Amino acid sequence: GLFGNTGWRPAWRNPAPKAEYDAIIIGGGGHGLSTAYYLAKNHGLTNIAVLEKGYLGGGNVGRNTTIVRANYFLPGNSEFYSHSLKLWEGLEADLNYNVMHSQRGLINLFHSDGQRDAFARRGNAMINQGDDAELLDRDGVRKLLPYLDFEQTRFPIYGGLLHRRGGTARHDAVAWGYARAADQRGVDLIQNCEVTGIDIENGVVRGVQTTRGAIRAKKVGIVVAGRSSQVAAMAGLRLPIESHILQAFVTEGLKPVIDHVISFGMGHFYISQSDKGGLVFGGDLDFYASYAARGNLPMVEHVMEAGMTLMPMIGRAKVLRSWGGIMDMTPDGSPVIDRTHVEGLYLDCGWNYGGFKAVPASGFCMAHLMATDQPHEVVRAFRLDRFATGHLLDEEGTGSQHN
Ligand code: FAD
């Protein structure tokens, strides 16, 4: 602004697609961009392209409530999210980009003795994994979050599980940081390029059809989040995924008031305050399958009610905007990073409500899989065939807190 907006250069090139690449990533969201970055950085593959049907970061990576945490319970998930949080902690230096990663602490509230037990177990699992967790009693929570309604409410607060290394990051900046760093390593980022078909010969992937013509490739990664079922169907795959809408909300900018990430334990509501001052919050899915990136009013009402129950002061803030994103929901709430039945075709999907925090490790492990044909050790459980064999990773059933 001080220079009259002159002399600014684009943060990445805008190349025309080449006829052939060593690898193509379909989807320019957080996971696709980080996959491309780690393919180039960790595996020296630079003749690669990311094909994005819209603009980079226009999907869920720019629509989420930005919560970053490593508090998963089940072996299989917890080592993956632990790995991801460590990558987050070095991300700004790695990308040379300010993604505003803020480890302000996440507090999951509990409201009954049973919930306290469940959170104590979760906290122990987190500590066993090498991450941090502290169980707070009511006074411990009151000291940190004095503005909550502790007693005069339908669900009095019994305490909370504090995860100090949890927090938030600026979601768009994560997409832009990975995009710029991938571009600098030679990756072609091709926007307005929708993949409309996957070319397969004798069980081997040969390339893709796009709205900008056919592009050949030795390897192809499907990394399209809410559109996973549609794109995988182009290769004859029927995925165990349903696409549902999740909404989020932001208020007008306020002076600093909420300095943690808080999640309510008796309804779907989680909240933090952005550096610009907006209160950013969300709730549960809209609970019908849809590809429309917009939400319905009954969920808006539910989220507002949960917010009012937890912190009545929020009623004085004006909601500025709300929006929706398309979630790739698996039946067990855990993701897939795996090969497919087609040689050279790989799949990264099933991120449910919680794939923002997974962006660094997902890309890291998807790149490992695409480059070596072997799963990285922290994603061994993220197999596609678990839905056929019954080796589910049922993190939904263990009461994980959304986002
Ligand atoms: P996306 O950004 O959606 O990327 C997929 C890309 O693929 C899109 O850009 C799309 O245009 C492109 N694409 C699709 N089809 C094609 C095609 N045929 N050809 C080319 N390109 C194609 N997670 C957290 O960890 N913490 C949170 O607090 C959190 N809150 C959330 C709140 C909301 C409201 C929403 C919607 C999500 C939230 N999530 C959260 C989940 C997280 O945002 C997603 O799991 C994650 O962003 C999905 O991966 P992605 O970034 O790669 O997806």
Side-chain angles (χ1 to χ4, degrees), residues 24-36 49-72 81 84-85 88 106 166-169 171-172 174-175 178-179 190-198 208-212 215 220-234 243-250 261 263 268 270-272 280-286 291 293-295 299 303 322-330 335 348-363 366 400-403:
I24 279 176
I25 312 297
I26 310 175
H31 293 241
L33 292 167
S34 69
T35 301
V50 175
L51 308 183
E52 166 54 47
K53 74 171 179 174
Y55 61 93
L56 296 181
N60 292 340
V61 71
R63 291 168 179 262
N64 61 73
T65 42
T66 79
I67 302 172
V68 172
R69 59 181 165 89
N71 64 349
Y72 283 65
Y81 288 99
S84 206
L85 188 52
W88 275 108
L106 161 72
T168 57
H171 48 11
D172 308 299
V174 174
Y178 272 115
I190 301 171
Q191 305 182 66
N192 298 313
C193 182
E194 179 171 359
V195 171
T196 53
I198 297 178
V208 294
Q209 297 291 325
T210 79
T211 47
R212 296 177 67 175
I215 308 176
V220 174
I222 301 176
V223 196
V224 294
R227 299 281 173 175
S228 296
S229 305
Q230 290 177 326
V231 176
M234 296 174 193
S243 291
H244 288 259
I245 307 306
L246 181 67
Q247 300 188 57
F249 309 84
V250 66
V261 181
S263 85
H268 289 282
Y270 36 86
I271 188 164
S272 66
V280 180
F281 55 99
D284 207 352
L285 295 176
D286 271 18
Y291 287 114
R294 49 170 299 181
M299 190 50 69
V303 172
S322 68
W323 60 92
I326 310 165
M327 306 287 87
D328 36 335
M329 304 298 295
T330 54
D348 177 311
C349 65
W351 294 101
N352 295 274
Y353 318 78
F356 179 62
K357 67 183 73 64
V359 162
S362 166
M366 180 67 168
S400 82
Q401 296 278 310
H402 296 151
N403 296 109

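Both ligands and their constituent atoms are indexed starting at 1 by order of listing. None of the values given here were measured: they were computed from a predicted structure.
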Report yes if Met234 has an N/O atom closer than 3.5 Å to an N/O atom of ligand 1; otherwise report no.
no
Using a 4.0 Å cut-off to any heavy atom of Ile26, which atoms of ligand 1 qualify?
19 (N), 20 (C)
Would you say the side-chain atoms of Asp348 pair up with the backbone N or O of Val223, donor to acceptor, closer than 3.5 Å?
no
Between Tyr291 and Ser229, is any pair of side-chain heavy atoms under 4.5 Å apart?
yes
Looking only at heavy atoms, is any part of Ala175 under 4.0 Å from ligand 1, and if so is it the side chain, the backbone, or both, or is it neither?
neither
Could you tell me whether Arg63 and ligand 1 have an N or O pair separated by under 3.5 Å?
no
Checking heavy atoms under 4.0 Å, the part of Tyr270 that sits near ligand 1 is neither
Checking the side chain of Trp323 only, and the main-chain atoms of Arg63 only, is there a donor and an acceptor separated by less than 3.5 Å?
yes
For ligand 1, is there an atom lying under 4.0 Å from some heavy atom of Asn352?
yes
Ligand-residue contact atoms, ligand 1 with Val231, heavy atoms, under 4.0 Å:
18 (N)
Distance check, rounded to the nearest 0.5 Å: Met327 atom CE versus Leu285 atom CG?
7.5 Å
Is Ala248 close to ligand 1, meaning an N/O of one under 3.5 Å from an N/O of the other?
no
Is there a side-chain contact between Val220 and Val208 (heavy atoms, below 4.5 Å)?
yes
Out of all atoms in ligand 1, which are within 4.0 Å of some heavy atom of Cys193? Include the element for each.
20 (C)
Which ligand 1 atoms, with their elements, are less than 4.0 angstrom from a heavy-atom of Val61?
1 (P), 2 (O), 47 (O), 51 (O)
Of the listed options (Gly27, Pro335, Ser263, Gly325), which comes nearest to atom 7 (O) of ligand 1 when hydrogens are ignored and any heavy atom counts?
Gly27
Identify, by atom number and element, the atoms of ligand 1 in contact range of Gln247, meaning under 4.0 Å from any of its heavy atoms.
34 (C)
For atom 17 (C) of ligand 1, which of Val195, Val68, Ile245 has the closest heavy atom?
Val195
Short N or O distance, Gly30 and ligand 1, threshold 3.5 Å exclusive
yes
Taking distance alone, with no angle check, do Asn60 and ligand 1 share an N/O pair under 3.5 Å?
yes
Nitrogen or oxygen of Thr65 less than 3.5 angstrom from that of ligand 1:
yes
Which of the ligand 1 atoms, numbered from 1, are nearer than 4.0 Å to a heavy atom of Ala225:
3 (O), 48 (C), 49 (O), 53 (O)
Report yes or no: does Ala358 have a heavy atom closer than 4.0 Å to ligand 1?
no
Could you give the distance from CZ (Arg69) to CG (Leu85), rounded to the nearest 0.5 Å?
11.0 Å
Looking at ligand 1, does Met327 have a heavy atom less than 4.0 Å from it?
yes
So how far is it from Asn71 CG to Lys357 NZ, rounded to the nearest 0.5 Å?
8.0 Å
Pairwise side-chain contact, Cys349 with Ile222, heavy-atom cut-off 4.5 Å (strictly under):
no
Is the shortest side-chain heavy-atom distance between Glu52 and Ile190 below 4.5 Å?
no
Closest non-hydrogen atom pair between Val195 and Met234, with its separation
O-CE, 3.3 Å
Proximity to ligand 1 by part of Thr66, non-hydrogen separation under 4.0 Å
backbone
Output yes when the distance from some N or O of ligand 1 to some N or O of Gly354 is under 3.5 Å, and no in every other case.
yes
Short N/O distance, under 3.5 Å, between Lys357 and ligand 1?
yes
Please answer whether the main-chain N or O of Gly283 pairs with a side-chain N or O of Tyr270 as donor and acceptor at a distance below 3.5 Å.
yes
Please confirm whether Trp88 and Phe356 have ring centers closer than 6.0 angstrom.
yes
Mode of Leu51 contact toward ligand 1 - side chain, backbone, both, neither (heavy atoms, under 4.0 Å)
backbone
Going by the closest heavy atom to atom 45 (O) of ligand 1, which one wins out of Ala169, Gly283, Gly355?
Gly355
When you measure from the side chain of Thr330 to the backbone of Pro335, do you find a donor-acceptor pair of N or O atoms at a distance under 3.5 Å?
no
Could you give the distance from CG (Leu51) to CD1 (Ile215), rounded to the nearest 0.5 Å?
4.5 Å
Are any of the N or O atoms of Lys53 closer than 3.5 Å to those of ligand 1?
yes
Determine yes or no for a side-chain-to-main-chain donor-acceptor pair under 3.5 angstrom, with Asn60 supplying the side chain and Ile326 the backbone.
yes
Given Met329, Glu194, Glu52, Arg227, identify the one with the heavy atom nearest to atom 8 (C) of ligand 1.
Glu52
Evaluate side chain to side chain donor-acceptor pair (under 3.5 Å) for Asp284 paired with Tyr353, printing each intermediate quantity in order.
CA-CA 9 Å; Asp284 207 352; Tyr353 318 78; 3.1 Å; yes
When only distance counts, is Ile326 in polar contact with ligand 1, meaning an N/O pair under 3.5 Å?
no
